Protein chains: 2
Amino acid sequence: MATRTRRTERREEPLSRERIVEAAIGLLDTAGERGLTFRALAEHLATGPGAIYWHVTGKEELLGAATEAVVGTMTAGTAGATPQEEIRTLALGVFDAIETHPWIGTQLARAPGKSPMLRVFEHLGRQVQALGVPHTAQFTAVSALLNYVLGVAGQNAANARAHQAHQPDTGRAEFLDTAATAWADLDPAEYAFTRGVADQLRDHDDREEFLAGIDLILTGITARYQ
Amino acid sequence: MATRTRRTERREEPLSRERIVEAAIGLLDTAGERGLTFRALAEHLATGPGAIYWHVTGKEELLGAATEAVVGTMTAGTAGATPQEEIRTLALGVFDAIETHPWIGTQLARAPGKSPMLRVFEHLGRQVQALGVPHTAQFTAVSALLNYVLGVAGQNAANARAHQAHQPDTGRAEFLDTAATAWADLDPAEYAFTRGVADQLRDHDDREEFLAGIDLILTGITARYQ
DNA sequence: ACCTGAACACCGTTCAAGT
DNA sequence: ACCTGAACACCGTTCAAGT
């Protein structure tokens with residue numbers, strides 16, 4: 001009876017690009033990449049699917065905007081750190097963003113020259129420059145770092161997708177355990193090496209492993225170009 | 001009038017998993033990832049879409065089988081080469097396979113523990129072992145290499161997708177040139193580094209750049225673990 | 001200017017019916 | 001056993017019609 005103002009408060013909030021992107025991120029986080037649908041999004045925003053198109057040209061742009069919104073909140077600089085530390089922090093930022101929003105892993109790999117990745121490229125580049133890498137090698141060095149990050153990103157996104165689809169109620173440790181057991185059961189002739197490192201898969205830490213890869217590339221960069 | 005045998009020869013070739021996968025690869029290569037449709041595939045095989053499901057469980061399996069078929073023809077070993085050379089050859093094999101079949105870039109990133117990638121992992125692993133990397137670091141070293149390869153793979157696939165969609169009739173050199181020009185036009189304050197390496201983007205060689213990244217990681221591995 | 005929702009042109013997948 | 005093709009349950013996107 002007294003709900004008139006209350007209800008309109010919710011209803012009258014006008015549709016905007018910002019609200020749409022926000023709702024899209026929520027849908028992607030909770031329902032996965034397959035869960036983002038113009039119909040589901042419209043229902044979430046209490047409108048019809050056509051309304052969204054007035055604020056956004058299509059699904060591709062919507063995914064791009066969602067990725068930018070997430071990645072944009074991420075490029076903070078730690079003052080007074082070594083270039084190596086800055087690169088580690090930057091890379092970890094991407095890693096963590098993907099952990100909370102696995103779908104940006106797919107999205108980053110999909111938009112090559114587009115802005116979210118270009119920003120990461122720029123920041124990595126400045127640190128590589130600070131490392132003293134000669135100009136002619138800077139592009140190569142940054143590309144190596146970025147491609148590695150993107151590879152991990154894509155892998156994590158795929159893992160999240162598979163995890164959500166197949167065993168949504170198991171933890172990461174449990175998942176690694178089953179994978180490691182499967183590796184240990186492989187044909188000894190064809191997969192001798194993989195069998196041998198199955199134990200390392202079982203008790204590894206994703207973040208640490210990711211950072212170890214970054215360090216490996218950094219070592220290569222400094223050994224070669226410094 | 002004398003075409004009876006001729007015609008039947010074509011028509012009677014029975015549907016098989018092999019023929020379906022082959023047709024799917026053809027469709028993916030010529031029409032891109034979006035071009036692979038059960039209806040298009042059925043038309044290509046002169047049958048109905050339902051027939052395909054008798055030989056293949058669904059689209060995911062079909063894409064997986066197509067990827068395996070392409071990657072499977074690729075793991076040749078060069079006898080009497082150093083581990084470094086073997087790794088380079090192996091990585092270049094993946095790179096070249098992606099260049100002729102860009103869609104496997106997406107596909108490799110999508111199937112983490114699945115067989116095509118596991119084979120590459122195994123072969124890389126053997127060479128890393130031959131390099132003398134201690135057991136506890138082998139998983140990390142191979143992961144770094146593989147993630148880098150997958151990052152480039154995804155990037156190349158995305159580029160091919162964008163290229164086919166936007167400027168299908170321009171060459172790679174032309175594409176790099178426009179990209180480099182766009183970089184050189186970026187805001188000097190926000191993108192100082194990227195602007196500075198625009199020239200390196202313009203006249204770089206994809207294969208060489210890819211190998212330079214591999215070498216950087218190899219340098220890191222040997223510097224740290226040998 | 002902005003929203004609505006039916007309609008269009010597609011998908012992947014299923015399934016009764018055929019051979 | 002294997003194939004056919006209509007039908008189902010979805011998509012993204014458009015567009016006349018409303019406010």
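Predicted, not measured: the structure shown is a model, and the values here were computed from it. Lettering follows sequence order; numbering is per chain, from 1.
Closest approach to the B:A51 side chain among D:dG12, D:dC3, C:dC11 is made by D:dC3 (side chain taken as heavy atoms from C-beta onward). Comparing atom distances between the A:H55 side chain and each of C:dC3, C:dC11, D:dC2 picks out C:dC3 as nearest. Side-chain atoms of B:P49 lie closest to C:dT13 of the nucleotides C:dT13, D:dC3, D:dG12. Comparing C:dC3, C:dC11, D:dT13 against the side chain of A:K59 picks out D:dT13 as the nearest.
D:dG12 atom P lies 11 Å from atom CG of A:L27, rounded to whole Å. One interatomic measurement links the two molecules: CG of A:L41 to P of D:dC10, which rounds to 18 Å at whole-angstrom precision. Remark: C1' of C:dG12 and CG of B:L62 are 12 Å apart, rounded to the nearest angstrom. One atom, CG of A:L36, and another, C1' of D:dC11, lie 12 Å apart when rounded to the nearest Å. Between the OH atom of B:Y53 and the P atom of C:dT13 there is a distance of 4 Å, rounded to whole Å. Taking atom CZ on A:R19 and atom P on C:dC3, their separation rounds to 9 Å, with Å as the unit. One atom, CG of A:L63, and another, P of D:dT13, lie 10 Å apart when rounded to the nearest Å. Per the geometry, CZ belonging to A:F38 stands 17 Å off P belonging to C:dG5, to the nearest Å.
Pair assignment for C:dA7: D:dT13, on the basis of Watson-Crick or G-U wobble contacts that are both within less than 3.5 Å. Across all strands shown, C:dA1 forms a Watson-Crick or G-U wobble pair with D:dT19, both key distances being under 3.5 Å.
The closest side-chain donor-acceptor pair between B:R202 and B:T181 falls under 3.5 angstrom.
The pair A:R39-A:E43 does not count as a salt bridge, with every side-chain nitrogen at least 4.0 angstrom from each carboxylate oxygen. Taking a cutoff of 4.0 Å between a charged side-chain nitrogen and a carboxylate oxygen, B:R172 and B:E99 do not qualify as a salt bridge. A salt bridge does not link B:E190 to B:R195: none of the charged side-chain nitrogens sits closer than 4.0 Å to a carboxylate oxygen.
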Given B:S143 and A:E209, is the side-chain hydrogen bond (donor to acceptor under 3.5 Å, both in side chains) satisfied, shown in steps? CA-CA 8 Å; B:S143 291; A:E209 203 66 52; 5.0 Å; no
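Toward the 5' end of DNA chain D, the nearer of the two residues A:G50 and A:R34, judged by each one's closest nucleotide, is A:R34.
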